[in-house]
Amino acid sequence: MRVAIAARSAAASCLSVLVAAACASTPVDSPRPTAAQPASSLPAYSQHVIGIEVTDSTGSAYAYPWLGGFNQPRPQVRDIDGDGDQDLFIQESSGRVMFFENVGNPEGAAFEWRSGAFQGLEAGEWYRFADLDADGDVDMLAEEIFSYIRYYRNQGSVTEPRFVLAADSLRDSSGRPIFSDRQNIPNIADIDCDGRLDLLIGRLTGTITQFAEVDRDAEGLPRFRHVTDRFQDIEIVADFGPGAPPPGGPGVNPAGSLHGANTLALADIDSDGDLDLFWGDFFEPGVLLIENEGTCARPDLDGEPSQFPLNEPLLTSGYNAPALADMDADGDLDLFVGVLGGAFNPNRTTIDNLYYLEQTAADVFEVRTSRFLPSIDVGSESVPVFQDLDGDGDQDMLVGNKLEQAGRTTGRMYRFENTGSVTEPRFALRGMMPFEGAFHFSPAFGDLNGDGADDMVLGNWTADISLYWGQGGEFQADSAFALRLTRGTNGAPSLVDIDADGDLDLFVGEASGELNFYRNQGSESEPRFVLESETYGAIDVGRRSVPRFVDIDGDGDQDLVVGSEVDGIQVYQNDGTAQEPEFNPLGVLPIAAPAYAVPAFVDIDADGDLELFVGGNGGGVLYFETATY
């Protein structure tokens, strides 16, 4: 049995599954097409999940430093390539499934990241692997828009899968598409051992709808008969007492009971030859086990649910997604749990949300780690900014967040010192900047008073923008500086000499998705920002604009790149001059950007081209190099 080499904590150090370093680089999966995206005009990128070493506060290297972090990981385990060991899949973002190949062996897993969007498949809000056409290889179900069930057939083989869309939705025997609430993660298996598949769909009412396979159409696609909306009379209800508020949530619960979004998993946990049911629920802090007390042919799931594991129940912020598999080939099932965040304050699981529990004896599970794939992860809505904070000539990294997982009373900015060099960077977590009392810290740096030291303009979740003067590696607040957005909140500042007059001007993105422009009408030594436009250039990226200026086309002037909440990283080419810019939409950067995308461009290795780092909802940082061919 091998021992983990990428320990994130004391608990992780005894992890039985080896977490291996990922491949050095992988071409970025094709993003969704965008109408205004002329591919020849935008740079191409290759994504890295390692390549630049990063260590945590204890000096331990992150196995996957640039993975992007997790907020709501949905794990599944499957031997996708038929080599006898279990591979790992994680869905963090809508539509995309990450693939980690197990390059170890059945007794000791070693995972390598292969793709951020497995085979480019559109997965909606959930996905499930199952052999739907009974040909011996695994197919995939996924959420289709409007909560139907998309079916990808494996037209490859057991060892070389190739998934092709076979149906826009599974259908019942009358040809009608089967509806599945998108908030719920269903499951499919032969629950009654009759040789045909059963589709089980959890409902927001806490009940389970059962469909049973009855035949196949001319193309071999399974058709299902609706059996019942109350499978085995199961009804999962959270009961907090009449009039009591639900834990972690506002308001009063007048009915005294609540139902919520749910996840379903099926596995024979007690090795008695039938499938037991595992349930995660928005209003349930743990994973529930409903043991099958019948037989394979006559399932009986009528008993009371128990919190799982039985020896020491796992309790989180709720809405837990379990996945079970024998990860160490010892003959019993082990457990992954992704915490999606439910009624028990999801802010406290923005980092600790991907659990691995090893079954060490019958019905005894031990938590090995709550951060199974360790990476840079500061919680949620990360903001990476590069700046030489210690004056040693190389670029250090700050990563701001929405708020702290521990305490949850303030946001923070984490400082990663570049302990390498200008050409060979290496980062080490060195604590946090001494700023607190607000959320969503978003800094911008530049020399505003001509003293040779960079100063800091700092936005946050309010409409207030603050100024701090740089002094010997520290920053002192300018209490006389007063700038408040006239509209919008979540200020995201950027400093740039937009008119080539020798001083830095100020742009501020904000919640509405538009840009505020403040021209510096002072001087190189005494800034004076004057608002010229609340809607600069009529630019609107939908929500949560984050402006960055970079010469993306190499013509000598500053182009504008804007991060957004859900519409990727949008590029506006400067078709004017350095003195009189004119920004026109060029398209969306061809990467699979996360929600709340925040771009940062920097030549981190002094090779003459710009690397792209991206923060986002997962709380981590993605790393892209400009592709060369």
Q: Please name the residue in the list Ile376, Leu622, Val399 that meets the side-chain contact (heavy atoms from CB on, under 4.5 Å) test with Ser382.
A: Val399

Q: Would you check, one step at a time, whether the test ring pair (Phe, Tyr, Trp, His ring centres under 6.0 Å) holds for Phe118 with Phe89?
A: CA-CA 9 Å; Phe118 178 62; Phe89 296 84; 5.1 Å; yes

Q: List the atom of Trp126, the atom of Ser180, and the distance in Å for their closest heavy-atom pair.
A: CZ2-OG, 4.1 Å

Q. Asp352 and Arg371: which non-hydrogen atoms are nearest, and at how many Å?
A. OD1-NE, 2.7 Å

Q: Go through Val598 and Val614 one step at a time and tell me if the side-chain contact (heavy atoms from CB on, under 4.5 Å) criterion holds.
A: CA-CA 5 Å; Val598 177; Val614 182; 5.8 Å; no

Q: Given side-chain contact (heavy atoms from CB on, under 4.5 Å), test Ile208 with Trp279 step by step and report yes or no.
A: CA-CA 11 Å; Ile208 298 175; Trp279 176 283; 3.6 Å; yes

(Q) With rounding to the nearest 0.5 angstrom, report the CG to CZ distance, Asp229 to Phe211. (A) 7.5 Å

Q: Supply the atom-to-atom distance Ile178 CD1 to Arg223 CZ, rounded to the nearest 0.5 angstrom.
A: 9.5 Å

Q | Distance-minimising heavy-atom pair for Leu314 and Pro309 | A | N-CD, 3.6 Å

Q | salt bridge (charged side-chain N to carboxylate O under 4.0 Å, His left out) partner of Arg153, chosen from Asp137, Asp133, Asp139 | A | Asp133

Q | Check: Arg182 main-chain N/O paired with Glu125 side-chain donor or acceptor under 3.5 Å | A | no

(Q) Using side-chain contact (heavy atoms from CB on, under 4.5 Å), reason through Asp79 and Phe129 one step at a time and then give a plain yes or no. (A) CA-CA 10 Å; Asp79 181 6; Phe129 291 107; over 6 Å; no

Q) Is there a donor-acceptor pair closer than 3.5 Å between any side-chain N or O of Ser564 and the backbone N or O of Gly568? A) yes

Q. What class does the angle between the rings of Phe613 and Tyr623 fall in, given that below 30° is parallel, 30 to 60° is tilted and above 60° is perpendicular?
A. parallel

Q.
Pair Asp168, Arg171 - check salt bridge (charged side-chain N to carboxylate O under 4.0 Å, His left out), show working.
A. CA-CA 9 Å; Asp168 59 355; Arg171 296 178 182 269; 3.3 Å; yes

Q. If you measure from the Lys or Arg side-chain nitrogens to the Asp or Glu carboxylate oxygens, is any gap between Glu219 and Arg216 under 4.0 Å?
A. no

Q) Would Tyr127 and Tyr152 count as a ring pair (Phe, Tyr, Trp, His ring centres under 6.0 Å) if you check the C-alpha gap in whole Å, the side-chain angles of each, and the deciding distance to 0.1 Å? A) CA-CA 10 Å; Tyr127 66 109; Tyr152 292 101; over 10 Å; no

Q. Hey, would you say the Phe365 and Phe308 ring centroids sit under 6.0 Å apart?
A. yes

**Q.** Test log, rule ring pair (Phe, Tyr, Trp, His ring centres under 6.0 Å), inputs Tyr355 and Phe336
**A.** CA-CA 6 Å; Tyr355 283 80; Phe336 286 97; over 10 Å; no

Q | Heavy-atom closest pair, residues Ile290 and Leu301 | A | O-CD2, 3.3 Å

Q.
With rounding to the nearest 0.5 angstrom, report the CG to CG distance, Leu200 to Asn187.
A. 7.0 Å

Q: Just do the side-chain contact (heavy atoms from CB on, under 4.5 Å) check on Asp281 and Tyr319 with the steps written out, would you?
A: CA-CA 5 Å; Asp281 192 276; Tyr319 199 8; over 6 Å; no

Q.
Applying disulfide bond (SG atoms under 2.5 Å apart) as the test, list every pair that has at least one member in residues 170-200; sequence neighbours left out.
A. Cys193-Cys296

Q: Assess whether ring pair (Phe, Tyr, Trp, His ring centres under 6.0 Å) is satisfied between Trp66 and Phe624, documenting all intermediate values.
A: CA-CA 9 Å; Trp66 309 104; Phe624 302 89; over 10 Å; no

Q: Give the minimum heavy-atom separation between Phe224 and Leu197, together with the two atoms involved.
A: CE2-O, 3.9 Å

**Q.** Ala109 backbone acceptor or donor facing Asn105 side chain under 3.5 Å
**A.** no

Q | Atom of Gly273, atom of Asp268 and distance for their closest heavy-atom approach | A | N-OD2, 2.8 Å

**Q.** Point-to-point distance, once rounded to the nearest 0.5 Å, from CG of Asp198 to CZ of Arg225
**A.** 9.5 Å

